[in-house]
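Let me begin by presenting the structure, written as structure tokens, before commenting on it.
Note that this is a predicted model, so its numbers are computed, not measured. In what follows, chains carry the letters A, B, and so on, assigned in the order in which the sequence lines appear, proteins first and then strands, with residues in each chain numbered from 1.
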Number of protein chains: 2
Amino acid sequence: MIYPEKRPKLYNCDTCLFKIISCQYINSEEFKKLQDSSIQLRFKKGEAILKQGANASYLVFLQKGIVKFNLEDEMGKNLILTITKSPSLLGSANIFYEGINIFSVYAVEDCEGCLIDIPMLKQIALLNTDFLMKLLELVSGMFKTSVFNFISLAHKQVNGRIADVIIYLSTSVYQSLSFTLSLSRKELSEFAGCSTENVIHTLSRFHKEGILSVEGKKIEIHDFERLQKISKFG
Amino acid sequence: MIYPEKRPKLYNCDTCLFKIISCQYINSEEFKKLQDSSIQLRFKKGEAILKQGANASYLVFLQKGIVKFNLEDEMGKNLILTITKSPSLLGSANIFYEGINIFSVYAVEDCEGCLIDIPMLKQIALLNTDFLMKLLELVSGMFKTSVFNFISLAHKQVNGRIADVIIYLSTSVYQSLSFTLSLSRKELSEFAGCSTENVIHTLSRFHKEGILSVEGKKIEIHDFERLQKISKFG
DNA sequence: ATAAAAAGATGAAATAATGCATGTTTGTTG
DNA sequence: CAACAAACATGCATTATTTCATCTTTTTAT
């Protein structure tokens with residue numbers, strides 16, 4: 001067994017965004033405490049980073065990679081709440097709601113991150129209310145994002161929902177008009193709330209109409225404005 | 001004009017649940033400050049209590065009545081996020097996210113409530129971290145509720161979604177198997193994410209099948225288990 | 001009290017979405 | 001490298017949902 005202090009670091013904490021932000025609010029001694037109770041880990045594609053139903057005793061600061069927030073319902077069907085790329089704090093809603101995770105987080109490509117002990121974080125945050133408020137901003141930010149996702153599901157047809165998914169992936173995850181999906185068609189369908197076939201049909205229709213080109217996992221958006229129109233009116 | 005201190009009280013603060021809970025965490029002097037910066041108000045059916053897009057400078061503790069959380073999208077369509085009855089703290093997500101309201105709250109029947117000044121609440125909460133944590137529980141509780149709503153919209157057909165709406169209203173709002181709706185069919189459709197006609201069709205089908213009886217605004221559930229089955233498999 | 005407007009109800013036609021059958025491609029494993 | 005499984009693709013029949021037209025009832029305003 002490798003003792004934590006002897007375990008080789010995957011990356012240097014000094015360039016970690018979480019450290020940089022935290023240290024605007026807490027002193028280095030406090031951050032040291034936080035760091036000592038944290039563990040760096042690698043996650044392979046498909047691995048669970050947080051598990052729905054499990055005890056929420058830590059958060060994860062995602063240093064590298066892309067993850068999906070997955071909700072498994074009573075019928076065994078999956079719903080993807082959102083897709084997020086690093087850097088990002090995963091499970092932040094659990095800071096204040098000690099209990100069990102209400103969703104899972106899975107790596108959709110190889111990831112690196114750091115497990116942060118919630119009791120320790122809480123202890124430090126309670127002594128530094130500015131820091132606490134900063135953390136709270138993250139929680140409500142996530143709530144806000146999921147609300148917009150909500151609108152898409154409730155009011156748009158599959159056309160519009162898939163346009164929304166493509167727009168979201170392009171602008172917020174891959175940050176390019178041309179990208180290679182790390183998600184399967186099935187996962188896209190779990191994100192858009194429709195059948196797998198419908199995703200495939202819709203994407204190939206978009207392809208035929210010259211809005212984008214699809215070749216396996218590679219997507220290239222040709223007409224972003226048209227996609228926005230479909231999102232709005234579809 | 002009636003000066004605030006001369007304005008007749010609609011109800012006595014000493015029996016207010018918000019006071020009772022708050023005073024478990026803060027002292028009476030602090031609560032006095034909170035009370036002095038608050039205003040009791042009556043809201044008629046249909047009136048806005050919080051307005052989407054407006055500045056979020058206060059929360060509302062709902063003392064009496066039922067409200068809907070309404071989201072208006074860019075196309076002017078409404079989506080009802082949830083329906084809540086008193087007692088309940090409205091807009092709690094805004095405590096920590098100062099900015100504009102991301103949804104509106106409307107009275108669906110005559111309501112009474114108390115506007116609570118956010119800056120004052122925040123000031124006091126920061127000095128009493130137990131109180132702060134209690135408030136945070138409310139925020140994450142609301143997030144959790146909306147997630148389950150999400151699943152219903154994403155994975156169920158109209159049958160199941162309407163069963164969900166009826167179950168929710170029966171168990172969480174009216175707390176009886178027989179109740180008189182304070183919502184129109186249009187509002188039900190905005191809650192279930194479908195067309196108004198579909199709500200009417202589905203309800204009358206449920207009626208024909210003996211699951212419940214509908215007579216205008218009066219609904220009586222006869223076979224709750226069957227409704228749960230439809231929710232699960234529909 | 002009456003007219004006008006809004007809400008509720010119903011059925012039928014048009015559109016959208018799913019589920020199935022079938023075939024192809026891609027990736028994995030012995 | 002062959003065999004198998006998983007993912008992707010396509011068309012079609014079935015089912016679900018919306019939209020529209022029409023009518024009745026309830027509510028609101030004058």
5' priority, DNA chain C, between A:V158 and A:E197 [closest heavy atom]:
A:V158
Are A:K217 and D:dC8 close enough that a side-chain N or O sits under 4.0 Å from OP1 or OP2?
yes
Inspect the contact between B:R42 and B:D110 and indicate whether a charged nitrogen and a carboxylate oxygen are less than 4.0 angstrom apart.
no
From C-beta outward on A:C194, which listed nucleotide comes closest to its side chain: D:dT18, D:dC8, C:dT18?
C:dT18
Whole angstroms only, please: what is the NE2-C1' distance between A:H201 and D:dA13?
13 Å
Just how far, in rounded Å, is P of C:dT18 from NZ of A:K77?
10 Å
Checking all strands, does B:T196 fall into the base, sugar-phosphate, or nothing category for heavy-atom contacts under 4.0 angstrom?
nothing
Atom CD of B:E215 and atom C1' of D:dT25 are separated, to the nearest Å, by 13 Å
Could you tell me the separation between the CZ atom of A:R161 and the P atom of C:dA16, rounded to a whole number of Å?
13 Å
A:H155 NE2 to D:dT17 P, straight-line distance once rounded to whole Å
16 Å
Proximity to the side chain of B:R185 - top-ranked nucleotide from D:dA9, C:dA7, C:dA9
C:dA9
B:I162 CD1 to D:dA16 C1', in whole Å, measures 12 Å
Is the shortest side-chain N to carboxylate O distance from A:E209 to A:R226 below 4.0 Å?
yes
Least distance between heavy atoms, B:I66 atom then B:I83 atom:
CG2-CG2, 3.7 Å
Can we say B:K156 and B:D164 salt-bridge, meaning some charged N sits less than 4.0 Å from an Asp/Glu carboxylate O?
yes
Contact nearer the 5' end of DNA chain D, comparing A:V214 with B:S195:
A:V214
Measuring from the side chain of B:N198 (C-beta onward, heavy atoms only), which nucleotide among D:dA7, D:dT10, D:dT17 has the closest atom?
D:dT17
Is the shortest side-chain N/O distance from B:S204 to OP1 or OP2 of C:dT10 below 4.0 Å?
yes
So which heavy atom on B:I162 is nearest to which on B:C194, and how close?
CD1-SG, 4.4 Å
Rounded to whole Å, CD1 of A:I200 lies from C1' of D:dA6 at a distance of 12 Å
B:Q157 CD to D:dT15 P, in whole Å, measures 12 Å
